[in-house]
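Notes follow once the structure below has been shown.
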There are 2 protein chains.
Amino acid sequence: MQAAREQFFNYLARKKLKFTSQRALIFDVFWTAENHVSPEELYGQVKEKDPSIGQATVYRTLKLLSDSTIAREVDFGDGVTRYEPHFGTSHHDHLICTRCGKSVEVIDEKIEKLQENLAAEHGFTLSGHSMYLYGECRHCKGKE
Amino acid sequence: MQAAREQFFNYLARKKLKFTSQRALIFDVFWTAENHVSPEELYGQVKEKDPSIGQATVYRTLKLLSDSTIAREVDFGDGVTRYEPHFGTSHHDHLICTRCGKSVEVIDEKIEKLQENLAAEHGFTLSGHSMYLYGECRHCKGKE
DNA sequence: AACTTAATGATATTGAATATCATTATTCGA
DNA sequence: TCGAATAATGATATTCAATATCATTAAGTT
Ligand SMILES: [Mn+2]
Ligand SMILES: [Mn+2]
Ligand SMILES: [Zn+2]
Ligand SMILES: [Zn+2]
């Protein structure tokens, strides 16, 4: 996806930050990596392409991607922060199997609307939310 | 609340665990502490009553309270796990001010129902969920 | 009281994430 | 195109919450 890469470039320019080869590589690997990748996982993949890259740079770049709304942080409650591509995708929440760890991206506009209303009832202006639904998937149900 | 204390006692007995003076003290302090306390905060309060108590015991006891459904873990996204009394209270979610950190307990049965449906549509049997709504409270809005 | 078993507290350790800092690379104006 | 200015990098140290280890102590049981 060239559009996302360009948005990253523009974001860096706007903030007077530099477009380095490391950031380019990390972006590319992130963009083609499987969804919901952790910094350590991504670091492993990036190192295969360029072993000289530092772990801290991966952490730093993921934060930049997050700040530029190209990526989004997700927390499945397993102790590590994960990142997913956000550019060109619409908001969604997650349904997670507590047995096998599989996650499904879900969205319910009615819920989104009710969240807004609920916040407004308490005088809050909603800026975001996190919602994770935990349960057993079709395949794990009834096992063991 | 004597009922919660008794439930804790029963839980320990059922699991063949011991009702120690430390657990009694930690329970009491937890029960009268302000809502959404972190282990470190609680440790500080417990130490005032008994300076010999170890930090690890506070962590361990909070986990026990959680396992016995007397307490519930909450995660406001600030890097520490917090605990709230759960015994005798009904399920609720949280609305959090991103400026002052104030939290409000909220519940919307329509949302709860829609979450069930959403999970079912994907073949999941829901066992729980976490939902946090972030925004600006009445008092922080328009400040600075 | 003796015995079995779990709990405790001090301490070390883990693991994710961030901070520090000397060196290197990028940007941009001359 | 060349520097000067400035940001980025990678190695490393550090932080912080949480857990593991383990010798000693205390509960529960007979
Ligand atoms: Mn997702
Ligand atoms: Mn609460
Ligand atoms: Zn599953
Ligand atoms: Zn506020």
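Heavy atoms only: backbone and side chains are in, while hydrogens, waters and symmetry mates are out. In what follows, every chain begins at residue 1, and chains take the letters A, B, ... in the order their sequences are listed.
Residue B/Arg23 contributes atom CZ, which lies 13 Å from atom C1' of D/dG28 at whole-angstrom precision. Counting to the nearest Å, the C1' atom of C/dT26 and the NZ atom of A/Lys16 are 14 Å from each other. Taking atom CG on A/Leu12 and atom P on D/dA8, their separation rounds to 8 Å, with Å as the unit. One interatomic measurement links the two molecules: CD1 of A/Ile26 to C1' of D/dA8, which rounds to 11 Å at whole-angstrom precision.
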Item to check | Check against salt bridge (Lys or Arg N to Asp or Glu O under 4.0 Å), B/Asp67 and B/Lys15 | outcome: CA-CA 11 Å; B/Asp67 291 344; B/Lys15 294 267 182 176; over 6 Å; no

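Relative to the six-membered ring of A/Tyr59, A/Lys63 misses at least one condition, a distance below 6.0 Å or an angle of at most 45° to the axis.
Contact annotation for B/Lys15: no contact, since no heavy-atom pair falls under 4.0 Å across all strands. Using a 4.0 Å heavy-atom criterion, one finds that A/Ser38 contacts no nucleic acid atom at all. If you check every strand for non-hydrogen atoms under 4.0 Å, A/Arg60 touches a base.
Taking the six-membered ring for Trp, B/His36 and B/Phe76 have ring centres closer than 6.0 Å.
Between A/Tyr132 and A/His94, the ring planes are parallel. Angles under 30° get that label, and only those over 60° would be called perpendicular.
Here B/Gln22 reaches the OP1 or OP2 of C/dG9: one of its side-chain N or O atoms lies under 4.0 Å away.
Where A/Gln55 and B/Thr20 each meet DNA chain D at their nearest nucleotide, the meeting point lying more 5' is that of A/Gln55.
Out of C/dG9, C/dA6, D/dT19, the shortest distance to the side chain of B/Lys63 is found at D/dT19. Listed nucleotides: D/dA18, C/dT8, D/dT9. Nearest to the side chain of A/Thr57: D/dT9.
Interface remark: the B/Lys18 side chain does form a donor-acceptor pair with the C/dT5 base, using a distance-only criterion of under 3.5 Å.
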